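This structure is a prediction, so every number in the text was calculated from the model and none was measured. All chains are named by letter (A, B, ...) in the order of the sequence lines, taking the proteins before the strands, and each is independently numbered beginning at 1.
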Amino acid sequence: DAGVIQSPRHEVTEMGQEVTLRCKPISGHDYLFWYRQTMMRGLELLIYFNNNVPIDDSGMPEDRFSAKMPNASFSTLKIQPSEPRDSAVYFCASSHLSRAAKAFFGQGTRLTVV
Amino acid sequence: KQEVTQIPAALSVPEGENLVLNCSFTDSAIYNLQWFRQDPGKGLTSLLLIQSSQREQTSGRLNASLDKSSGRSTLYIAASQPGDSATYLCAVGGREDTGRRALTFGSGTRLQVQP
């Protein structure tokens, strides 16, 4: 398996524009997580899914953020409208159900909102 | 709400030294605990995972221990090498009782091993 695949790797956009980040989890994994990493706040959970169903979205900063998982092999995180404070690295991760299952992270999308 | 603390925030050691990274967490009802490595500009790689019923895990020069009752974990790196230079993150996985599976991360220890 190619691992967790995220696209794009880098995104530069102007304030107010819509941004869509994409993630393909490892095949067969039950869980998909979206995290955001900043220097000030470290790694924060935004939302996670179990079998394509959102379980906990309490980390989504505000209504400008939305996430979907239409099928087991694809998820999107959308920011509309984007703001400079959204600039961060966004990671997608996936794992199996088992308590022995490690989480596998993608390479991240570095988002810069100017 | 789970809180994870890592000490020290940064560490610089000469090559060959044995070292210990510390992690503490506030809620002991965890599902598992993982130690990750992150290189600059890269994603996270899981190094070791300790299930809630286990006390330690070993992989090569790495050994991680878990004391759930006291809310502590340590990552021991033996005979450090320059290639070990990276940020090491401790992540506590979910809750046993609620089935929550998301990881809560510490802020990391930035390690530099001098040749």
Side-chain angles (χ1 to χ4, degrees), chain A residues 2-7 9-10 21 23-26 29-51 53-60 67 88-112, chain B residues 1-7 9-10 23 25 29-57 59 62 64 66 68 86-110:
Chain A
V4 177
I5 300 173
Q6 292 186 245
S7 65
R9 290 293 311 278
H10 302 274
L21 311 182
C23 175
K24 176 179 168 56
I26 293 173
H29 279 188
D30 310 282
Y31 288 89
L32 183 140
F33 307 87
W34 283 100
Y35 289 91
R36 178 171 68 176
Q37 186 175 39
T38 61
M39 288 293 293
M40 291 298 295
R41 301 174 67 89
L43 268 159
E44 302 174 287
L45 175 73
L46 298 175
I47 185 172
Y48 79 97
F49 296 83
N50 177 212
N51 292 327
V53 176
I55 302 300
D56 182 354
D57 66 354
S58 60
M60 297 285 262
V89 181
Y90 291 80
F91 286 104
C92 176
S94 69
S95 72
H96 276 302
L97 169 66
S98 164
R99 71 180 64 240
K102 291 181 176 179
F104 291 84
F105 279 71
Q107 291 296 297
T109 295
R110 182 174 295 277
L111 173 65
T112 303
Chain B
K1 179 185 174 185
Q2 180 73 270
E3 292 183 4
V4 182
T5 303
Q6 290 188 246
I7 295 173
C23 172
F25 47 94
I30 64 172
Y31 191 62
N32 59 32
L33 183 145
Q34 294 183 59
W35 282 92
F36 290 86
R37 169 182 173 141
Q38 185 175 28
D39 293 285
K42 304 291 186 182
L44 283 71
T45 300
S46 182
L47 299 172
L48 290 166
L49 180 149
I50 310 176
Q51 299 177 49
S52 57
S53 58
Q54 298 175 326
R55 298 282 295 188
E56 67 176 347
Q57 282 288 328
S59 176
L62 305 179
L66 173 64
K68 267 183 57 175
T87 296
Y88 290 81
L89 294 150
C90 171
V92 173
R95 285 188 63 94
E96 283 278 17
D97 51 357
T98 64
R100 179 178 172 79
R101 294 292 177 264
L103 295 170
T104 302
F105 283 85
S107 53
T109 294
R110 190 170 63 254

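- The contact between L47(B) and chain A is made entirely by backbone atoms, counting heavy-atom distances below 4.5 Å.
- Taking chain B as the reference chain and counting heavy-atom pairs below 4.5 Å, the highest number among G108(A), G106(A), A103(A), G42(A) is found for A103(A).
- Neither the backbone nor the side chain of E44(A) comes within contact range of chain B; no heavy atoms are under 4.5 Å apart.
- Contact record, Y31(B) with L97(A): OH-O, 3.0 Å, taken as the closest heavy-atom pair.
- Residue N50(A) does not touch chain B at all, counting heavy-atom pairs closer than 4.5 Å.
- Atom NZ of K24(A) has 12 or fewer neighbouring heavy atoms from other residues, nucleotides or ligands inside a 6.0 Å radius.
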Please assess L103(B) against L43(A) for the test side chain to side chain contact (heavy atoms under 4.5 Å, CB included), listing each intermediate value before the final yes or no.
CA-CA 10 Å; L103(B) 295 170; L43(A) 268 159; over 6 Å; no
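- Proximity to chain B is absent for every atom of A93(A), based on heavy atoms less than 4.5 angstrom apart.
- For the atom pair NZ (K102(A)) and OG1 (T45(B)), the distance works out to 9.5 Å, reported to the nearest 0.5 Å.
- The NZ atom of K1(B) sits 8.5 Å away from atom OG of S58(A), with the distance rounded to the nearest 0.5 Å.
- For S107(B), no part lies under 4.5 angstrom from a heavy atom of chain A.
- Looking at Y35(A), the atoms closer than 4.5 Å to chain B (heavy atoms on both sides) all sit in the side chain, from C-beta outward.
- For Y48(A) (side chain) and R101(B) (main-chain N/O), a donor-acceptor pair under 3.5 Å exists by modelled atom type.
- Across all non-hydrogen atoms, the minimal contact from L45(A) to A102(B) is CD2-CB, 3.3 Å.
- The number of heavy-atom neighbours closer than 6.0 Å to CZ of R55(B), taken from other residues, nucleotides and ligands shown, is 12 or below.
- Atom CZ of F105(B) is separated from atom CZ of R41(A) by 15.5 Å, given to the nearest 0.5 angstrom.
- Of the atoms belonging to Q57(B), not a single heavy atom falls under 4.5 Å from chain A.
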